[in-house]
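Keep in mind that the numbers below use all heavy atoms, side chains included, and drop hydrogens, waters and symmetry copies. Order of appearance sets the numbers: ligands from 1, and atoms from 1 within every ligand.
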Amino acid sequence: MKKILFYDAKQYDKDSFNSVNKNYEIVYAEAKLSAQTAVLAKGFDVVCAFVNDTIDKETIDILYNSGIKLIAMRCAGYSNVDFQAAYKKINVVRVPAYSPHAVAEHAMALLLSLNRKIHKAYNRTREFNFNIAGLTGIDLYGKTAGVIGTGKIGRAFIDICKGFGMNVIAYDPYPSADSGLEYVTLDRLFAESDIISLHCPLTEQNKRMLNADAFSKMKKGVFIVNSSRGALIDSVALLDALNNGTVRGAGLDVYEEEGDFFFEDFSNTIIKDDVLALLISKPNVLLTSHQAFLTEEALRGIATTTLENIDAFFNGGDLANEVCYRCDSKKVDDCRKNKHGRCF
Ligand code: NAI
């Protein structure tokens, strides 16, 4: 039986993977994958990794020298993988879609809670304080949502916005021709949106795309929602924009330096990240710990697709969910997978 070392395992991972696994011996490790922990993979065939593992060149070289053939990412995003280092050494597969609705619904949950101050109301009524002063929100009906990235999650979010009677404008460098969406330039999206929601992957090109310059172009009182990747936002510039009233509220499921904190309990510690502490301290910032994917349906989908990806790898067939640095170019001929089923 092939052996999988599963990094950064939580109970919900064990439950979902154990419920669908038939073909593999899975060993669950609490440690995150990094150059320090990659040595644990000696004797395994596959490592299963997640969003905040550090899969840089050093980690990849150690995994490769330990005999690892496949890195199975149990997530959609892969900005934490050095694909150039992995190329021709270790194949990398991912779960491109499990439940885009899980993430889109969480993004809307953040927006609704922020706007109607549900987090504050919850605390008040628990203390039998039934005063509603200071809880005023705005109607979302008729407002303009600017959606950045119109892939699976962006489109699911757009459908929800339309259900609320909102106008939607979108930005995507690869617009979807038959979507009927109104694509605009980023500057126009910044200028016209009452709500801006990020649904694009993190790349070298769009790192900190919401920076001081971008905030300066936005409507006063805009809501920002980020359920994609933390580094899409310059957090210090966001703090300034919150302080000067440009941003009315920020719903964040991700944070640039989340790898040091998210998924762990720091409630007995002094957090040594002042930017994170300042963000959390603001009543108009709602921060969740990268949990947008966390629904029963999504967990089952992640486990099923991850194990199917591993099956496909060992069966020698096409690897539909493989990724390499050439896949990103969108030029069909650039990646070998398009003609030969695998990136290498
Ligand atoms: P997708 O691949 O279906 O769509 C991404 C879209 O973004 C594509 O249309 C692409 O053309 C567009 N895009 C690429 N570069 C862009 C740029 N610079 N500006 C604007 N748009 C750009 O991906 P999907 O499934 O919709 O996921 C989107 C992102 O959501 C993922 O990359 C990941 O970072 C994040 N995510 C977060 C989760 C969470 O639990 N918080 C869970 C799953 C995904």
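- Listed by number with element, the atoms of ligand 1 under 4.0 Å from a non-hydrogen atom of Ala292 are 39 (C), 40 (O), 41 (N).
- For ligand 1, one of its N or O atoms has an N or O atom of Lys152 under 3.5 Å away.
- Each of the following atoms of ligand 1 lies closer than 4.0 Å to a heavy atom of Asn206: 17 (C), 18 (N).
- Of the N or O atoms in Ile153, one or more lie within a sub-3.5 Å distance of an N or O in ligand 1.
- Short contacts between ligand 1 and Gly149, defined as distances under 4.0 Å to a heavy atom of the residue, involve ligand atoms 7 (O), 20 (C), 21 (N).
- Below 4.0 Å from some heavy atom of Tyr171 lie the following atoms of ligand 1, by number and element: 19 (N), 20 (C).
- Numbered from 1 in the order shown, with element, the atoms of ligand 1 that lie under 4.0 Å from a heavy atom of Ser227 read 35 (C), 36 (N), 37 (C), 38 (C), 39 (C), 41 (N).
- For ligand 1, the atoms lying closer than 4.0 Å to a non-hydrogen atom of Asp253 are 39 (C), 40 (O), 41 (N).
- With sequence neighbours excluded, the residues satisfying side chain to side chain contact (heavy atoms under 4.5 Å, CB included) with Gln36 are Ser34.
- Of all heavy-atom pairs between Phe190 and Ile148, the closest is CE2-CD1, 4.2 Å.
- Counted within 6.0 Å of CZ on Arg124, heavy atoms from surrounding residues, nucleotides or ligands total more than 12; the atom is thus considered enclosed.
- Relative to the ring axis of Tyr7, Lys32 does not place its NZ or CZ within 45° and under 6.0 Å from the centre.
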| Between Phe6 and Tyr24, is a ring pair (Phe, Tyr, Trp, His ring centres under 6.0 Å) present by the stated rule, with each step listed? | CA-CA 11 Å; Phe6 196 109; Tyr24 302 98; over 10 Å; no

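- A centroid separation of 6.0 Å or more is found between the aromatic rings of Tyr28 and Phe17.
- Here Tyr78 has no heavy atoms under 4.0 Å from ligand 1, in either its backbone or its side chain.
- Between Lys272 and Glu257 there is no salt bridge, since none of the side-chain N atoms of the basic residue sits less than 4.0 Å from a carboxylate O of the acidic one.
- Listed by number with element, the atoms of ligand 1 under 4.0 Å from a non-hydrogen atom of Tyr174 are 11 (O).
- The N/O atoms of Phe293, backbone and side chain alike, include one that comes under 3.5 Å of an N/O atom in ligand 1.
- Under a 4.0 Å criterion applied to the non-hydrogen atoms of Pro201, ligand 1 contributes the atoms 5 (C), 7 (O), 13 (N), 14 (C), 32 (O).
- Salt-bridge formation is detected for the pair Glu264/Lys10: a Lys NZ or Arg NE/NH1/NH2 atom is positioned less than 4.0 Å from an Asp or Glu carboxylate oxygen.
- Ion pairing between Asp187 and Lys217 holds under the 4.0 Å rule for side-chain N and carboxylate O.
- The closest approach between any non-hydrogen atom of Gln205 and ligand 1 is not below 4.0 Å.
- Contacts with ligand 1 closer than 4.0 Å are made by no heavy atom of His106, backbone or side chain.
- In this structure, Pro100 does not count as a contact residue of ligand 1, since none of its heavy atoms falls inside 4.0 Å of the ligand.
- Residues forming a side chain to side chain contact (heavy atoms under 4.5 Å, CB included) with Ala320 (at least two apart in sequence, or on another chain): none.
- Other residues, nucleotides and ligands contribute at most 12 non-hydrogen atoms within 6.0 Å of the CD1 atom of Ile132.
- Of the candidates His290, Arg229, Gln291, it is His290 that places a heavy atom closest to atom 39 (C) of ligand 1.
- Below 3.5 Å of separation, one finds an N or O of Asp172 facing an N or O of ligand 1.
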